[in-house]
2 protein chains.
Amino acid sequence: MKGKATSFDIAHYAGVSQSTVSRALRNSHLVNEETRKRVFDIAKKLNYKVDKNASNLRTQQSSTLALLLFEDPTSDESQINPFFLAMLGSITRACAKEGYDLLVSFQSASADWQADYEDSHRADGIILLGYGDYIDYQPKFNTLLEQNTKFVCWGATVDNRPDLTVCCDNYGGGKLAAEHFIAHSRTDCAFIGDASDHSPEFFSRFQGFKDELWANNVKINERKMANAISTEESGYHATRSLIANNIKFNALFAASDLIAIGAIRALKEANINVPKDVAVVGFDNIAIASYVNPPLTTIEQNTTIAGQMLVENLLKLIRGEEVQSTLLPPVLISRKSSS
Amino acid sequence: MKGKATSFDIAHYAGVSQSTVSRALRNSHLVNEETRKRVFDIAKKLNYKVDKNASNLRTQQSSTLALLLFEDPTSDESQINPFFLAMLGSITRACAKEGYDLLVSFQSASADWQADYEDSHRADGIILLGYGDYIDYQPKFNTLLEQNTKFVCWGATVDNRPDLTVCCDNYGGGKLAAEHFIAHSRTDCAFIGDASDHSPEFFSRFQGFKDELWANNVKINERKMANAISTEESGYHATRSLIANNIKFNALFAASDLIAIGAIRALKEANINVPKDVAVVGFDNIAIASYVNPPLTTIEQNTTIAGQMLVENLLKLIRGEEVQSTLLPPVLISRKSSS
DNA sequence: TGACATTATGACACCGGTGTCAGGAATTTA
DNA sequence: TAAATTCCTGACACCGGTGTCATAATGTCA
C-alpha cells in the first residue's frame, strides 16, 4: 500500500460502502456491531487516520484554537518575555486537556492579523496574547466582532465586551504592593514602569499603587518615577537614571519582574542594599523571581489559571454559551527583596 | 452577506468563473492583469480568505509543522521544563520566519502518538521534543519511517538515520565541564544526573566528563555520583543524600541547570560554600542560570539555533533535500558558581 | 398473511478550493 | 486568407471525508 489509506480502502477490504466505514469509525449507532468491529480492525491494520482537512471542510469546524502572540516590538528580539512563555505553556496544556489543538503564531501588532486564522477555517477561535495597546487594537477588534469571529484576549479590553477579556486585577495588584510597603513602613516610594495610559496594564498597576498609598496619606513624588518597558535592560537603565539624578527612596515598585530584576542590578551596582536600603516589589512572579538574589517579592499572576480561563472562555464563546468577565485575583508573594 | 465569502461569491461579483478567481488569487500568470485586479479588490472588500481546509485537502499539504512535546512523566506537572519552554519559543519563531504555522501538542511518551498529525494531514512534518529514551521510541520511529512521515527529533537518535536528529554535542559538553574543573584544579569531582544509558543525553554528558577527567589522570569515584531527573527538587535531594552520606568533593557537575540549582540549595543548607568549597557547573544555560546566587557556570545549548535547525532540517526533509547530521557545539559560560 | 416499525446499508450531493483540459478570441506567421 | 500561436477563460473532475435520503432486509403485531 503506497500513500495514505483512505476510507475507500477500508471499505474495499471490509466489503462495505465508504459511507458505512465513515459511520462505523465515528461510532454511529446506525452501524451493526460486527461491521463496526471489522472496520476498526482494518483501519488499525492500515494505520488509517481520518483526514482532518476533509473532515474539517465538511463539518466546518476544526477542533483547533489559534494563539496569536504579539510581541513588544521594542523588546529584545532574541528572547521571548518569560511571562508570555509561561502563558504559552499553560495555554498549550489547557488546550490539550480540552481536546483541542493549538496553532501558535507570532504577530506584529501592526500587521493584518485580524482575520486570518478563523476566517481561513484553520481554527475555531483565537486567543490574543500581548501587552494591551488600546489605540491599535480596537478597530481590529471591531473587524473581528463584525465577522462574528470568536476570540478572547489577555489584558487588553474590548469596548462593551468585558466577557472577551481575561486579565489579572492589575489595579488590585498595585494596591497590594502599596499595602505591603506601608505595612513595612516604607513610605518613600519609587515606581518604575510606564505610568501613562499607553500601556494599560502598567497604568492600572500604577493607579492601584498610587491610590492605596494615597489612602494612607502617602504621596508619590513624580520625580521618583521612571519609564521602562518590560525588560531587564530597561529596568536597569531606568533605575540607573534615578540614581544618577540623586533621587532617594526606600521602596521601589516595578511594573514587572524583569524590570525589578534590572532595578536590583542597578541598585547593587550603586552599593544600595536590597532590601535594607530599598525594598523592591515586582509583578508577575515569573520563574526567575524566586531564584534571583535576593529572592524577589512580587505580585503573582497565576499563568496556569490564566491560560485555563482563556481557553475555557473561548470554548464557551464557540459553543454559544454565556461568559463572565474574568478578573484574576493577584496574590502577593513575599520574599527577601522587600524585608 | 452572512457566513464567510467563498470564491464563488467573488466570481459572481467579478463576472468571471470560480476557476479564474482561484487562479487570480494565486497570481497565476494565466490571468489577465485587469481581471486579477478586479478579483483582488472584491476579495478584499468581502474580506475573503482562502479556506485552508479545502486548499490543503486538494493540494495534500498544509504549510504547518507539528511540535510534539514529550514530558518527563516524573516531573512536576504544573511547570514545563524551562529548557523545553525556550525551545518551544525558538521553534515558534523559526516557523514564523519560514512561513509555516506551528501546531503544538503535549504527548505522553507511551501514547499512540506516532502518526496522528502527519497522517491526518494536519501537518507536513513533525518535530519531536523530549528527553530521549531509546527503548520506547525506536519502534515508533520505525513506524514513522515506514509511513514515510517526515520528522526530526531533538536529542534522541534514530537507528541509521543521523540526519533526523538535531542535538547538542553532549559528550563534548561534558568534556568542557571537566576541562574547566581541571583548569581550576578541582579534581575531586561529583556528578549528579543519570549516568545510566536510560537517559541518553545525561549519559553522553557524563561520558564526556569522565573521559576528559581520565585523560588528565583523574578518576571519578562511583560513590560520588547520584541519580537525578531534570528538576530542581530532584537535584536538591540527590545532593542532600551525598552530603548525608558524608561524601566529600570540591567540584560538582550537574547534568542540567535545574539539577545544579537544586544542588546549590542543598549545599548552601549544609553550609558548604559555592564556589569556595564546591565549584558547580550545570548544563543548558536556561534563563534562570544567570540570576541564581551565585550565578551558575554552565554548558550552553543554544536554543535559538537549535530551534532553527530543527525547523530548517525538517523543511529540507519535506522538500526531499539532503540533510546533514546536526551536532550543535556546546559553549561553556563561566560564572561565579565555579570560581 | 399483510401492514408497519426497525435496522443496516448504499448512493449521492456537498464542503471550497485546485489542476487539467478544451476552446474561443486575438495576434502572428505563412 | 488560412494556419499557427499565444492569451485568457470556463467546465469539470477531484481531494476525502460527512450528512441526507432511499431502500433492502428483518422483525413485530394484528
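Predicted model only: the values in this text are computed from it and were never measured. A note on names: the letters A, B, ... follow the listed sequences, proteins ahead of strands, and every chain is numbered from 1. Below, each value reflects all heavy atoms present in this structure, side chains not excepted, and no hydrogens, waters or symmetry copies.
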message = Please identify the 5'-most and 3'-most nucleotides of DNA chain D with any atom under 4.0 angstrom from a heavy atom of chain A.
response = D:dG16 to D:dT20
request  = List the atom of B:S7, the atom of B:Y48, and the distance in Å for their closest heavy-atom pair.
outcome  = N-CE1, 3.5 Å
5' precedence on DNA chain C between A:A54 and A:G15 (nearest-nucleotide basis) = A:G15
message = I'd like to check the side chain to side chain contact (heavy atoms under 4.5 Å, CB included) partners of A:S55; sequence neighbours left out, ordered by chain and number.
response = A:V50
ask   = Using a cut-off of 4.0 Å on non-hydrogen atoms, how would the nucleic acid contact of A:S19 be classed: base, sugar-phosphate, or nothing?
value = base
inquiry  = Looking at every heavy atom in both A:G307 and A:M87, which two are closest together, and how far apart are they?
reply    = N-CE, 4.4 Å
message = Please check: side-chain N/O of B:D41 versus main-chain N/O of B:R38, any donor-acceptor pairing under 3.5 Å?
response = no
Terminal axis angle for the helix from C:dT1-D:dA30 to C:dA30-D:dT1, five pairs an end, nearest 10 degrees = 50°
query = Is there side-chain contact between A:I10 and A:L46, with at least one heavy-atom pair below 4.5 Å?
reply = yes
inquiry  = Once you apply a heavy-atom cut-off of 4.0 Å, does B:Q60 come out as touching a base, just sugar-phosphate, or nothing?
reply    = sugar-phosphate
ask   = Under 4.0 angstrom, heavy atoms only, what part of the nucleic acid is A:R26 near: base, sugar-phosphate, or nothing?
value = sugar-phosphate
inquiry  = Parallel, tilted or perpendicular, judged at 30° and 60°: which one describes the rings of A:F151 and A:F141?
reply    = parallel
ask   = Would you find more than 12 non-hydrogen atoms of other residues, nucleotides or ligands less than 6.0 Å from A:Q324 atom CD?
value = no
task = May I ask you to say what A:T59 touches in the nucleic acid, namely base, sugar-phosphate or nothing, with a heavy-atom cut-off under 4.0 Å?
result = sugar-phosphate
ask   = What is the minimum heavy-atom distance between B:K316 and B:V323, and which atoms define it?
value = CB-CG2, 3.6 Å
message = Counting the atoms with a prime plus P, OP1 and OP2 as sugar-phosphate, which does B:S55 contact under 4.0 Å by heavy atoms, base, sugar-phosphate, or nothing?
response = sugar-phosphate
query = Partners of A:N27 by side chain to side chain contact (heavy atoms under 4.5 Å, CB included), sequence neighbours excluded?
reply = A:R36, A:F40
query = Contacts to DNA chain C from residues 27-43 of chain B, heavy-atom cutoff under 4.0 Å, which residues?
reply = none
ask   = Who pairs with A:E322 by salt bridge (charged side-chain N to carboxylate O under 4.0 Å, His left out), at least two apart in sequence or on another chain?
value = none
query = Just checking, any donor-acceptor pair under 3.5 angstrom between side chains of A:S22 and A:R26?
reply = yes
